[in-house]
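Report on one structure; see the data block that follows.
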Amino acid sequence: MKSTEELSNIASQVRRDIVRMVSAAGSGHPGGSMSSADFMTALYFRVMDQDPATWTRSAEGQDAFILSAGHLAPVYYAVLARAGYFEPALLGTLRKFGSKLQGHPAVDYVPGIFQPSGSLGQGLSAAAGIALGKKLSGEGHRAYVLCGDGESEEGQIWEAAMFAVHHKLDNLVAMTDWNGQQIDGPIVEITGIDELNEKWLAFGWDVIVADGHDFESILNAFELAKKADGKPKMILFKTEMGHGVDFMAGTHKWHGKAPNAEQCAAALAQLKETLGDY
Amino acid sequence: MKKYIDSGNIDTRSGFGAGLVEAGRADSRVVALAADLKGSLKMDAFAAEFPERFIQCGIAEANMVGVAAGLSLTGKIPFCGSFAEFITGRVYDQVRQEVGYGRTNVKLASSHAGITLGEDGATHQTMEDLALMRAIPGMTVLVPCDYNQTKNATIAAARYEGPVYLRFGRPAVPNFTGADEPFEIGKVYVLNEGADVTLIACGHLVWEALQAAEALETEGIGAEVLNVATVKPLDAAAILASLRKTGAAVVAEEHNMAGGLGEAVAGVLAAEAPAPVEFIGGGDRFGQSGKPAELMAAYGLDAAHIAAAARKAIARKNR
């Protein structure tokens, strides 16, 4: 079992991967990928019962993960590669013609991906379907899904919220990367959908608020989310967009912008290389 | 010509309901999802027999499509149903990403399709759904013609691995295909042979095409009638074989002319065997309230219009 220190080291490499991938691609979404890097690392290296050696797209017999906020592909790919789903060398091909790493997650290109995403608001429904299917089959595993806070402006998220409660899907663990930023600016200035904890509570979910950059807090949240009480779980990870690099942190300006070579070098100087760059 | 007997008017959606029960008995992986239209979709019998396998989603079609995709990843075979407009136009992007691009084993059950939905009017009468579903790569598009064929197509869809759009309707219409005739996805059914013109139809308009063929026969015109119950993938070889014999065609569908069966057939003919073709469809306009038969006549979709179009196509042959 990976210690919090080991997880922290892996997350540092994942952030290096994200910066290098997006910079090499010349486009992509580094901000949310870096805010999600810590809990995504914990999910794949400590929490989920899912083995790269035996993974198939069938969600039967294993935990499943859906990335609803598909533009967080860089963190998804980096974590999958570092967890052994495919060669880290592939990371350098992100978004290029002929690459196995499409700009947004796609099925049948690389192992580890259950559903495509990119058009927002849809992954929570798919994860609810997986959770329901597991209930119908009498299977114990969970469905995990990551949504963005900005993504929660999509109406379908709340359709799925009602559905999961009505069908008592306590094996559904949703996560929100609550970094407060979206592409056009701070969320409070776009729609003001900021009281996410109250909203999810009002919809009848078990809500867990955690520090998305503290591994003790992250692991504790995932543990709390295992409660079999008939309610779906929402972990609201309080995070900082662009976390880990001072000039990228805390601003929507790095939601969907690639660092140039100079910025890439400056960012990498702040991120420890722990597993060897790809 | 071969005489087709109407064994009693009945709606095609009831064929879906009966087929769903049969598919559910044959395979415990079959599940059904409704968005508050369980009764309209004739899912009641399935829900009564398999209560744990019927999933009520409420008036939230977008979520229903995603849930269906997720269920398929756990090995289930989900049929998710609504009115044709609400399982296509309303959720096009969900179908495209979760079902089409994801290649999930989801069956979209589409009822009340076309103008014969009737009194509810244009908001509910989609005449664009075939265009939307045909455009999605890998989507199989089925438009069976009567109760029996819809029942058998439902059973076939459950056995088929991959995304399926299954379109059927609301009104009671003639039931004339064999009760136990197995449905083959991708097959064009030749209902009548003729040498002068080919009538190519799907859904409710197959019966109208047969009536048109009977009328044409009294004028000495031999009309070959093709029931294209699989609109995609289209059996181009069967259509070309008929056209090489007759040299003229009418394509008839309860759909706007943009993007439906007519354009699919025209594409095949233009590339392989150009021939005069007349199109029977809704035109570039929305529907309106009325009784199904009134609307079929007003929008030029009935047997009389098909026969007239056939005469026109034949007349164009030697120009």
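Quantities reported herein were computed from a predicted structural model and do not represent experimental measurements. In what follows, chains are A, B, ... by sequence order, proteins preceding strands, each numbered from 1.
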Q: Could you check which of A:Ala59, A:Ser137, A:Ala126 has the highest count of heavy-atom pairs closer than 4.5 Å to chain B?
A: A:Ala126

Q: From the options A:Lys227, A:Lys135, A:Lys226, A:Arg142, select the one residue that forms a side chain to side chain contact (heavy atoms under 4.5 Å, CB included) with A:Asp170.
A: A:Lys135

Q.
For the CZ atom on B:Phe50, are there more than 12 heavy atoms of other groups (residues, nucleotides or ligands in this structure) within a distance under 6.0 Å?
A. yes

Q. Does the ring center of A:His255 lie less than 6.0 Å from the ring center of A:His29?
A. yes

Q. Under 3.5 Å, is there a donor-acceptor pair between the B:Thr12 and B:Thr150 side chains?
A. no

**Q.** Contact residues of residues 93-111 of chain B (partner chain A; heavy-atom separation under 4.5 angstrom)
**A.** B:Asp93, B:Gln94, B:Gln97, B:Glu98, B:Tyr101, B:Gly102, B:Arg103, B:Thr104

Q) Tell me, side chain or backbone of A:Ala160 under 4.5 Å from chain B's heavy atoms, or both, or neither? A) both

**Q.** Proximal to chain A - members of residues 63-71 of chain B, heavy-atom separation under 4.5 Å
**A.** B:Asn63, B:Gly66, B:Val67, B:Ala69, B:Gly70, B:Leu71

Q. Who wins among A:Ala127, A:Ser119, A:Gly121, A:Ala131 for the most heavy-atom pairs under 4.5 Å with chain B?
A. A:Ser119

Q.
Given 3.5 Å as the limit, does a donor-acceptor pair link the side chain of A:Asp206 with the main chain of A:Lys233, or not?
A. no

Q. Does atom CD1 of B:Ile59 have more than 12 heavy-atom neighbours from other groups under 6.0 Å away?
A. no

Q) Considering heavy atoms only, which positions within residues 84-92 of chain B lie below 4.5 Å of chain A? A) none

Q. Under a 4.5 Å heavy-atom cutoff, which of A:Met162, A:Gln115, A:His166 has the most pairs with chain B?
A. A:Gln115

**Q.** Per-residue contact mode, A:Ala106 against chain B (heavy atom under 4.5 angstrom)
**A.** both

Q) Is B:Arg29 atom CZ crowded by more than 12 heavy atoms from other residues, nucleotides or ligands, each under 6.0 Å away? A) no

(Q) Is it the case that over 12 heavy atoms from other parts of the model lie below 6.0 angstrom from the CG atom of B:Asp284? (A) no

(Q) Hydrogens and angles aside, do A:Gln182 and A:Glu153 bring a side-chain donor and acceptor to less than 3.5 Å of each other? (A) yes

Q) Side chains of B:Glu254 and B:Thr116: do they bring a donor and an acceptor to under 3.5 Å? A) yes

Q.
Is it the case that the side chain of B:Arg170 and the backbone of B:His112 share a donor-acceptor pair, with hydrogens and angles ignored and the cut-off at 3.5 Å?
A. no

Q) Can you tell me if A:Ser68 uses its side chain to pair, donor with acceptor, with the backbone of A:Gly123 under 3.5 Å? A) yes

Q: Could you tell me whether A:Lys168 atom NZ has more than 12 heavy atoms of other residues or ligands within 6.0 Å of it?
A: no

Q. Which residues in residues 119-143 of chain B have a heavy atom less than 4.5 Å from any heavy atom of chain A?
A. none

Q. Are the side chain of A:Trp158 and the backbone N or O of A:Ser152 linked by a donor-acceptor pair below 3.5 Å?
A. yes

Q: Check for a donor-acceptor pair, side chain of A:His167 on one end and backbone N or O of B:Gln56 on the other, with a separation under 3.5 Å.
A: yes

Q | chain B contacts, top residue of A:Asp108, A:Ile113, A:Ile157 (heavy-atom pairs, under 4.5 Å) | A | A:Asp108

**Q.** Value rounded to 0.5 Å, distance of CD1 in A:Ile208 from CD1 in A:Ile235
**A.** 5.0 Å

Q.
Please check: side-chain N/O of B:Asp11 versus main-chain N/O of B:Arg13, any donor-acceptor pairing under 3.5 Å?
A. no

Q) Does A:Gln62 reach the main-chain N or O of A:Thr56 with its side chain, forming a donor-acceptor pair under 3.5 Å? A) yes

(Q) Please confirm whether the ring centroid of A:Phe65 lies under 6.0 Å from the ring centroid of A:Tyr76. (A) yes

Q: Considering only heavy atoms and a distance below 4.5 Å, find which of A:Ala64, A:Ser117, A:Pro116 pairs most often with chain B.
A: A:Pro116

(Q) Counting the benzene-type ring for Trp, do B:Phe46 and B:Phe16 have ring centres under 6.0 Å apart? (A) no

